[in-house]
Amino acid sequence: MKALLPLLACTATLSAQQLVPAYVIDDGDGQRAWIEAASETSITYRRDAKSLNRIQARTVSTEVFFFQPPEFKRALNLFKNRDYTAARTAFAEAKTKYKMVDDISGNYSTLAGFYELECARKLGDYEGLEKLLEKFQPAPLVREYQKTQLKIYPLYNALRNESWDRLKILCDEYTDRNLPGALRAQIEYCLGKALQGLNQPFEALIAFNKSCIADYTASEIITKNAALASLKIYSELPEVILAKKLHGTPEENPNSTGALLLTEAAGLVTMWDKALGNGTALPDEYKAFAKYKKEGA
């Protein structure tokens, strides 16, 4: 049931910029509308932004499809261009501006809030991520990928606190799940960090390798971090240190564990230069691995 209400003088000054454009289906009647207010129980909208009348409908019996606001589009473009610092600020602004409709499914305030979380994650600000999560209300999100991502965020809190046992337990919950590549890359990276912290370097290398190939360069920050974590492990393994010392000498054993690991490290450096680094220079301490590259690779 919809009700036509006279517009009070005090709200007559609301500009179109303060209204949220959407396509509203109310009692089977679909039309473009401008939402003035919304809650879990009711939606107040106008059929025309300059109308002196407004309509109040029950949220439960009304479908709302929001048009993408320009502020959100700008923030999303920054995000796609990997300018996560600027995107984070832009998403925060969009979240605040459209908060008036954040009780409605699929709204852009909640979606901006989700991307604000993603910016914090990609920037490695896990403390900021945790603080944002405390206030975030996920119910209006509509995509399963986003809902699953929210469930993965606690792993980063465990990572931040170096709670390796807890982090491994959390990661193990997703071991047998079929996840999109971007989510799988995160799980494997976090598992690798947990295993590294638990002094299980070989198992950690396997997890980091899975992280690098799960989404390859699409998850550019995760794959870069996984590659760097792997190179750190290679550089500290006694077997690799010995293989480097014996390389090119009569005592060298090309079939030894150390020699094989050294070849893996060299291959990872090659992958970094070709794709994983995405234009970022490899830290100096790992550049020497390149000279151990297998011939023909």
Within 45° of the axis and under 6.0 Å from the centre of the six-membered ring of Y145, does NZ or CZ of R143 qualify? no

Any sub-3.5 Å donor-acceptor pair from T62's side-chain atoms to R58's backbone N or O? yes

Is the shortest heavy-atom distance from the side chain of M271 to the side chain of D273 under 4.5 Å? no

Quick check: do I43 and Q56 have side-chain heavy atoms less than 4.5 Å from each other? no

Could you give the distance from CD1 (I152) to SG (C171), rounded to the nearest 0.5 Å? 9.0 Å

Can you tell if the side chain of I104 reaches within under 4.5 Å of the side chain of P140, non-hydrogen atoms only? no

Donor-acceptor under 3.5 Å (D48 side chain, K50 main chain): yes

From L198 CG over to W164 CH2, what is the distance, rounded to the nearest 0.5 angstrom? 8.5 Å

Apply salt bridge (charged side-chain N to carboxylate O under 4.0 Å, His left out) to the pair K147 and E144, showing each step before the final yes or no. CA-CA 5 Å; K147 295 176 182 178; E144 286 302 317; 3.7 Å; yes

Find out whether E285 and S235 are in side-chain contact, i.e. whether some heavy atom of one side chain is under 4.5 Å from a heavy atom of the other. no

Are K232 and E236 close enough for a salt bridge, meaning some N to O gap below 4.0 Å? yes

Does CD belonging to Q137 count more than 12 external heavy atoms closer than 6.0 Å? no

Can you name the nearest heavy-atom pair linking D215 to S219, along with the distance? OD2-OG, 2.5 Å

E71 side, atom CD; L76 side, atom CG - distance, nearest 0.5 Å: 13.0 Å

For the CD atom on E40, are there more than 12 heavy atoms of other groups (residues, nucleotides or ligands in this structure) within a distance under 6.0 Å? no

Separation of Q149 CD from L179 CG (nearest 0.5 Å): 10.5 Å

Got L228 and L282 here, is their nearest side-chain heavy-atom distance under 4.5 Å? yes

Atom pair OG/CZ of S109 and F114 - distance to nearest 0.5 Å: 14.5 Å

Among all residues two or more places apart in sequence or in another chain, which pass the side-chain hydrogen bond (donor to acceptor under 3.5 Å, both in side chains) test with E130? none

Side-chain donor-acceptor pair under 3.5 Å between E203 and Q196, yes or no? no

So, R121 side chain and E116 main chain: donor-acceptor pair closer than 3.5 Å or not? no

Does a sphere of radius 6.0 Å around NZ in K168 hold more than 12 heavy atoms from other residues, nucleotides or ligands, not counting ones at 6.0 Å or beyond? no

Check: T96 side chain, A92 main-chain N or O, donor-acceptor pair, under 3.5 Å: yes

Geometric class of the Y156/Y126 ring pair [parallel <30°, tilted 30-60°, perpendicular >60°]: tilted

Validate the cation-pi geometry between K244 and F289: distance from NZ or CZ to the six-membered ring centre under 6.0 Å, angle to the ring axis within 45°. yes

For the pair F208 and Y189, name the ring-plane relationship: parallel under 30°, tilted 30 to 60°, perpendicular over 60°. tilted

With a 4.5 Å limit on heavy-atom distance, are the side chains of N278 and R82 in contact? yes

Clusters formed by hydrophobic residues whose side-chain heavy atoms approach within less than 4.5 Å: which one holds L242, and what are its other members? L246

Among pairs that include at least one residue of residues 231-259, which meet ring pair (Phe, Tyr, Trp, His ring centres under 6.0 Å), considering only residues two or more places apart or in two chains? H247-Y292

Verify salt bridge (charged side-chain N to carboxylate O under 4.0 Å, His left out) between K131 and E127, making sure each step is shown before the conclusion. CA-CA 6 Å; K131 290 180 179 178; E127 183 177 359; 3.7 Å; yes

Listed partners of F136 passing ring pair (Phe, Tyr, Trp, His ring centres under 6.0 Å), at least two apart: none

Return yes if a side-chain donor-acceptor contact under 3.5 Å exists between E118 and Y153, otherwise no. yes

Reference residue V240; test side chain to side chain contact (heavy atoms under 4.5 Å, CB included); the match among I233, L260, T257, L261: L261

Test of understanding: clusters of I, L, V, M, F, W, Y form through side-chain heavy atoms closer than 4.5 Å, transitively. Do L150 and L129 belong to the same one? yes

Report the residues that fulfil side-chain hydrogen bond (donor to acceptor under 3.5 Å, both in side chains) with N209, sequence neighbours left out, ordered by chain and then residue number. none

State the CG-OG1 distance between L276 and T223, to the nearest 0.5 angstrom. 5.5 Å

Side chains of N107 and T110, donor plus acceptor under 3.5 Å: yes

Would you kindly say whether T270 and K293 are connected by a side-chain donor-acceptor distance under 3.5 Å? no

Between F72 and Y108, is the gap from one ring center to the other below 6.0 Å? yes

Would you check if the side chain of N81 reaches a backbone N or O of D83 as a donor-acceptor pair within less than 3.5 Å? no

Any donor and acceptor pair, going by atom type alone, linking the side chain of N161 with main-chain N or O of S163 inside 3.5 Å? no

Just by distance, no angles: are the side chains of N157 and R160 close enough, under 3.5 Å, to form a donor-acceptor pair? yes

Go through the steps to decide whether K224 and E220 satisfy the test salt bridge (charged side-chain N to carboxylate O under 4.0 Å, His left out), and finish with yes or no. CA-CA 6 Å; K224 285 167 66 174; E220 81 286 0; over 6 Å; no

Going by side-chain heavy atoms closer than 4.5 Å, which hydrophobic residues are tied to I25, directly or by a chain of links? Y23, F65, F67

Could you check whether atom NZ of K287 has more than 12 heavy atoms from other residues, nucleotides or ligands sitting under 6.0 Å from it? yes

Could you walk me through whether D125 and R88 satisfy the salt bridge (charged side-chain N to carboxylate O under 4.0 Å, His left out) test, starting with their C-alpha distance in whole Å, then the side-chain angles of each, then the deciding distance to 0.1 Å, before giving a yes or no? CA-CA 11 Å; D125 182 11; R88 183 176 181 176; 3.1 Å; yes

